[in-house]
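Just so we're on the same page: letters track the sequence lines, and every chain starts at 1.
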Amino acid sequence: MSLSGAFEKPYDPSEFEEKRAQDWIDKGFFASQPKSDTTHYTIVIPPPNVTGDLHIGHVLNNTLQDILIRWQRLKGRETCWVPGTDHASIATEAKVTKKLADEGINKRELGREKFLEEAYKWKSNYGGRIIGALKRLGASCDWDREVFTMDPDYHQAVLQAFVTLYDQGLVYKGHRLVNWCPVSQSVISDEEVISEERQGHLWHISYPVVSPTPGGPTAVEVATTRPETLFGDLAVAVHPEDERYQGLIGQKVRVPVCDREVPVIADTYVERDFGTGVVKITPAHDMNDYEVGQRHNLGLLNVMNPDASLNENSPPAYQGLDRYEARQKLVKELKERGLLVKTDNHKMVVGISERGHVPIEFYLSEQWYFKMEGLAQLALEETRSGRLRLLPAFTEKIWEHWLGGIKDWCVSRQLWWGHRIPVYTCTSCSKVHCAVEAPAACEACGHVEFEQEEDVLDTWASSWLWPFAVQGWPKNDAQTQKQMEAYYPTETIVTGQDIIFFWIARMVMAGKHFTGKLPFKSVYFTPIVRDSKGRKMSKSLGNSPDLQKLMAEYGTDALRFSLVNQIVLGQDIHWKNESCEMGRNFANKIWNATRFLLSHAEKRNISSAKCTFESLKIPNDAVATWLFSEFCQTLETADKALSGMNFATYSSKLYEHLWMVFCDWFVELLKPVLAEAAETNASVASLKRADELLQFALSLFDGALRLLHPLMPFVTEEIWQRLAEGRSSQTIGRQLWPNAKELTARYEPDPASVAHMRAVQGVVGAVRAIRGQYSLHPGLRLRVVLPEASRDRFGEHVAAMEYLSGSQLHFEDALPQVVGAALTQGTEVFVDLEGHVDAASEVKSVKQRLQKIEQVLVGIQKKLSNEKFVSGAPESVVAGARAQESENLAEKKLLNRVLESMQSQGG
RNA sequence: GGGCGAUUAGCUCAGUUGGUUAGAGCGUCUGCUUUACACGCAGAAUGUCCGGGGUUCGAGUCCCUGAUCGCCCACCA
């Protein structure tokens, strides 16, 4: 293929990527079909919120899934990556509600049906965005299988799961204090409450004693962080053994402002050392107070509305005020009445609603719950038995802790966007029916009218079914059976650790409970991506990278590479946009390496199309044997790293192989070979060698591209398309991943060739270093002397070594007059510096080096003279130390010889 | 209050079961339009491996302890 048009430097990904991403999908390269054999490899995507935007965390976890899927696809497995989106009940409802409010429309006035219409409109406007972004990222999902958690089939699955649990007695309705989000005006689960430390106050308020005993106190001082709830106080509590308040127990005190009389009770819940040792008890607005209230039969007094404003149980002046306005007003009034003793600053932990971003209220209401203990046991058994593996391993401790102390799951939400709870109450006899379809007639009285529950289910009570519901569960038709057989259970889940309880644990429970199978074999928790200062990415900080811009500026491959390359299992990533440079430079590097190979192939009339990895032939040549050995090692590392989900090991090995090995050394070694063959009087042997090496290079490069493809799909595809004409109906993504066993059975890797090449590199490096030491111009051809005895060893590489080091090699034992000397891999290297360097400065340099060597030798010899080391350490370590000693001795001897020679020359 | 993780070059981080003279990328410095690539090539400099103890012939690695940062869990109003 000729180097025209689309093969310019530098590599410009923005020219290709978008088109390529669409082309892959159009040609159906990612489509999967259930097969009757067992080659399936399935991953289900963690469905992003339907109205969400792609953020860098998505890039990370979807890139990792894509790497696994593309890797397995290259290995010839029938891969299926199921994409989709989550309806995200509370998050979406909040967005739609806000949008309506901005337009002056009140959600409740609009009514349920109209609201849902609006929500679907919103979904159709924004729901495609994140899917589009994932496609742009190159995610090789089977896009024909996209599922939305409110699709009709999925809805059926959610209802069926609920009904099944109900029939099994695992669903109940409970009347208790719940976490209430005043913004969404719905209950939320414990997991949706985020504890945050906040600076608050501890107000000391005086409660007058109703009938003080003579000489006794006339008031008690109560400490509280939430004064506005005092309208709901039903008692004041002290510790039963607190000597200060013995006389008060059983008396009555007057709640300030509302002037209600409440008893002083004794309960061990009270900490004597905290505050004043006197606590106001507000059973309807605090979990602990609720418990205390239960113990003392205090009853309940709710003083708030669902939006956290004060209700009719508060004094008229406070009714309708928001809780914080009420607090201010009350504190002021207490001060005026002289009942506020003091105000202390106080740090406390406040429960914040994950979606509403405001402190939650404890609120008394009736809600639906799932019984979790049995389900939690199912999940625990899977990790304890080792059938389910969590990475990083320490997450298993978190898992154990949560599941061990699990509480029942409050699944009802006072929302409209979601799966409405399938419970129907007969309007005549009040019999409760739970069924997927509304019953035709009441089982008890035959009446035909029902009222369905108003509430919808927690989002996670639908997404916990994801791995099997996407395949059609619980339907039992032929297609569903076939799909369940092929694609369930899946392999692995890749996601953030933040949803370990929300989603991962519950999927395991649901999988075991409803299908009897563990839904995946492993879970990989990705690192959290933070900004360069270690702060969480957040909208309010505006520190999230603009991914569209990054992809346009550096390329998607660059983004993928740079992100993956920074992964450390179990640790956060500190992200800088500039780190994309590494990936961009890498993509450019291999792009240009291709330009080099192809231009020479053209010159030598070699068809790159014929040089596929399948046609790899290894010429009988030290350079080829060496590169092949390196490649085999890279392949082994890549396979092992990906199997163990060590993604950064995989990325850095490929980087090293392609750049440091293939480009820096192999291509450079190839150049003099090609140059020799290009001479007019080139020998037949040199022509043959050039052609063989070039063909070998192209074939091996094809293999290396495949190894890199899962990580950098775009640039590898662009290159692969240019290696042969007429590939547009194919993709590199469906070629074969090199098979290590077959490969090494055909050609044996040769460790000696690697050692041999290291010697060549050592000599070249030594000359370069000496050149650098004196800043000698690279164009200056140096005279280099190697010992006569090494002639055979380096014979075939002389031309290459001369080219790489910019020198002329001579094999002789006489030293140059002014000489830069080095010892590398047992070879003495002498660079003739006569006329370039002043002898005195080289003498000085040699003396310095000798000093260093002396120091090192002292250390080694001390170790070697230690009897315990010699007898105690493994043989290889002792041998290593001895080798080190002799090497340093040899270098010392060499330098002394050089020194002597130069000093005698200099007079 | 419990549990977990981190601390290695100016910055971001590697460093397998303890074993040569601790590495990479970026940045810095030097020299290069060497005909694939300046998004490049060649070379160089830079470390109290957080502090303090201990185990060991040998510790960045294991143990104890202290400090700092971060995360998770927990009902002190």
Check: Is B:rC41 paired to anything, Watson-Crick or G-U wobble with both distances less than 3.5 Å, and if yes, which nucleotide?
Finding: B:rG31
Notebook entry, point to check: Roughly how many Å is it from CD in A:Glu656 to C1' in B:rA24, rounded to a whole number?
Noted result: 10 Å
Note to self: Please give the distance between the P atoms of B:rG31 and B:rC63 as a whole number of Å.
What the structure shows: 49 Å
Next item on the list: Run the numbers on A:Glu578 and A:Lys576 for salt bridge (Lys or Arg N to Asp or Glu O under 4.0 Å), then give the verdict.
Entry: CA-CA 5 Å; A:Glu578 298 76 55; A:Lys576 277 194 291 225; 5.5 Å; no
Margin query: Between B:rA14 and B:rU61, how far apart are the two C1' atoms, rounded to whole Å?
Written below: 14 Å
Next item on the list: Would you classify A:Asn888 as touching base, sugar-phosphate or nothing, given that sugar-phosphate means primed atoms plus P, OP1 and OP2, and contacts are heavy atoms under 4.0 Å?
Entry: base
Margin query: Under 4.0 Å, heavy atoms only, any strand: does A:Pro874 hit a base, just the sugar-phosphate, or nothing?
Written below: base
Next item on the list: Let me know, please, whether A:Lys640 or A:Gly772 comes out on the 5' side of the other along RNA chain B by nearest nucleotide.
Entry: A:Lys640
Next item on the list: For the side chain of A:Asn866, starting at C-beta, report the closest nucleotide among B:rC57, B:rA36, B:rA77.
Entry: B:rC57
Notebook entry, point to check: A:Thr343: what forms a side chain to side chain contact (heavy atoms under 4.5 Å, CB included) with it, not counting sequence neighbours?
Noted result: A:His201, A:Trp203, A:Leu340
Next item on the list: Output yes when at least one side-chain N/O atom of A:Gln884 is less than 4.0 Å from OP1 or OP2 of B:rU21, else no.
Entry: yes
Next item on the list: Find the distance A:Asp664:CG to B:rG43:C1' and express it as a whole number of Å.
Entry: 13 Å
Notebook entry, point to check: Between atom CZ in A:Phe561 and atom P in B:rU12, what is the gap in whole Å?
Noted result: 20 Å
Check: Under 4.0 angstrom, heavy atoms only, what part of the nucleic acid is A:Trp659 near: base, sugar-phosphate, or nothing?
Finding: sugar-phosphate
Next item on the list: Output the single nucleotide from B:rG43, B:rC57, B:rA77 whose closest atom is nearest the side chain of A:Phe869.
Entry: B:rC57
Margin query: What's the gap between B:rC69 and B:rA59 when it is taken at their P atoms, as a whole Å value?
Written below: 31 Å
Item checked: Touch class at under 4.0 angstrom, heavy-atom based, for A:Asn288 against every strand present -> base
Next item on the list: Could you measure between the two C1' atoms, the one in B:rG60 and the one in B:rA22, and give it in whole Å?
Entry: 8 Å
Notebook entry, point to check: How close or far is atom P of B:rA42 from atom CG of A:Leu669, stated in whole angstroms?
Noted result: 12 Å
Checklist line | Mate of B:rU61 where both pairing distances stay under 3.5 Å, Watson-Crick or G-U | finding: none
Check: Between B:rG31, B:rU21, B:rA77, which nucleotide gets closest to the side-chain atoms of A:Phe274?
Finding: B:rA77
Checklist line | N/O (side chain, A:Lys589) to phosphate O (OP1/OP2, B:rC41) under 4.0 Å | finding: yes
Item checked: Base partner of B:rA24, which must satisfy Watson-Crick or wobble distances under 3.5 Å -> B:rU12
Next item on the list: Could you work out which one of B:rC4, B:rC72, B:rA36 sits closest to the side chain of A:Ile398?
Entry: B:rC72
Checklist line | A:Glu8 CD to B:rA36 C1', straight-line distance once rounded to whole Å | finding: 13 Å
Next item on the list: Establish, with yes or no, whether the OP1 or OP2 oxygen of B:rA36 is under 4.0 angstrom from a side-chain nitrogen or oxygen of A:Lys671.
Entry: yes
Check: Can you check whether A:His346 has a side-chain N or O nearer than 4.0 Å to OP1 or OP2 of B:rA77?
Finding: yes
Next item on the list: Report which part of the nucleic acid A:Val568 touches: base, sugar-phosphate, or nothing (heavy-atom distance under 4.0 Å, all strands).
Entry: sugar-phosphate
Next item on the list: Indicate whether any N or O donor in one side chain lies under 3.5 Å from an N or O acceptor in the other, for A:Thr383 and A:Glu396.
Entry: no
Next item on the list: Could you check whether A:Val870 gets within reach of a base, just the sugar-phosphate, or nothing at all, counting any heavy atom under 4.0 Å?
Entry: nothing
Margin query: Quick one, A:Phe16 with A:Trp591, criterion ring pair (Phe, Tyr, Trp, His ring centres under 6.0 Å). Give me CA distance, side-chain angles, the key distance, then yes/no.
Written below: CA-CA 13 Å; A:Phe16 312 113; A:Trp591 176 258; 5.8 Å; yes
Next item on the list: Step by step, work out the salt bridge (Lys or Arg N to Asp or Glu O under 4.0 Å) result for A:Lys671 and A:Glu668.
Entry: CA-CA 5 Å; A:Lys671 281 178 181 175; A:Glu668 294 306 315; 3.0 Å; yes
Next item on the list: Could you check which of B:rC73, B:rC57, B:rA77 has an atom nearest any side-chain atom of A:Ala873?
Entry: B:rC57
Next item on the list: Look at all strands and tell whether A:Arg530 reaches a base, only sugar-phosphate, or nothing, counting heavy atoms closer than 4.0 Å.
Entry: sugar-phosphate
Note to self: Would you call the rings of A:Phe274 and A:His346 parallel, tilted or perpendicular, taking 30° and 60° as the class edges?
What the structure shows: perpendicular
Margin query: Using the rule ring-ring contact (aromatic ring centres under 6.0 Å, His included), only one of A:Phe714, A:Tyr655, A:Tyr554 pairs with A:Phe561; which is it?
Written below: A:Tyr655
Item checked: N/O (side chain, A:Asn585) to phosphate O (OP1/OP2, B:rG40) under 4.0 Å -> yes
Check: Heavy atoms under 4.0 Å, any strand shown: does A:Met287 hit a base, just sugar-phosphate, or nothing?
Finding: nothing
Next item on the list: Send over the distance from A:Asn588 CG to B:rC37 C1', rounded to a whole Å.
Entry: 6 Å
Margin query: Within the 4.0 Å heavy-atom criterion, would you say A:Phe586 contacts the bases, only the backbone, or no part of the nucleic acid?
Written below: nothing
Margin query: Is the ring pair A:Trp659/A:Phe586 parallel, tilted or perpendicular, if the boundaries are 30 and 60 degrees?
Written below: parallel
Next item on the list: Starting from C1' on B:rC37, measure out to OH on A:Tyr11 and report it in whole angstrom.
Entry: 15 Å
Margin query: Checking base pairs now: Watson-Crick or wobble, both atom distances under 3.5 Å. What partners B:rU7?
Written below: B:rA67
Notebook entry, point to check: Which is true for A:Arg584 with a 4.0 Å heavy-atom rule: it touches a base, it touches only sugar-phosphate, or it touches nothing?
Noted result: base
Margin query: Assess whether a salt bridge exists between A:Asp233 and A:Lys280, defined as any Lys/Arg side-chain N lying under 4.0 Å from an Asp/Glu carboxylate O.
Written below: yes
Check: When all nucleic acid strands are considered with a 4.0 Å heavy-atom cut-off, which category describes A:Ala881: base, sugar-phosphate, or nothing?
Finding: nothing
Next item on the list: May I ask you to verify if any side-chain N or O of A:Gln571 is less than 4.0 angstrom from the OP1 or OP2 atom of B:rC71?
Entry: no
Next item on the list: Would you mind classifying the nucleic acid contact of A:Gly351 as base, sugar-phosphate or nothing, using non-hydrogen atoms under 4.0 angstrom?
Entry: nothing
Next item on the list: Quickly work out the A:Leu804 CG to B:rG43 P distance and round it to whole Å.
Entry: 11 Å
Check: Is the shortest side-chain N/O distance from A:Lys9 to OP1 or OP2 of B:rC37 below 4.0 Å?
Finding: yes
Next item on the list: If B:rG1 has a Watson-Crick or G-U wobble mate with both distances under 3.5 Å, name it; if not, just say none.
Entry: B:rC73
Check: What nucleotide among B:rC37, B:rC39, B:rA77 has an atom nearest to a side-chain atom of A:Glu668?
Finding: B:rC37
Note to self: Classify A:Glu271 by what it touches in the nucleic acid, base, sugar-phosphate, or nothing, heavy-atom distance under 4.0 Å.
What the structure shows: base
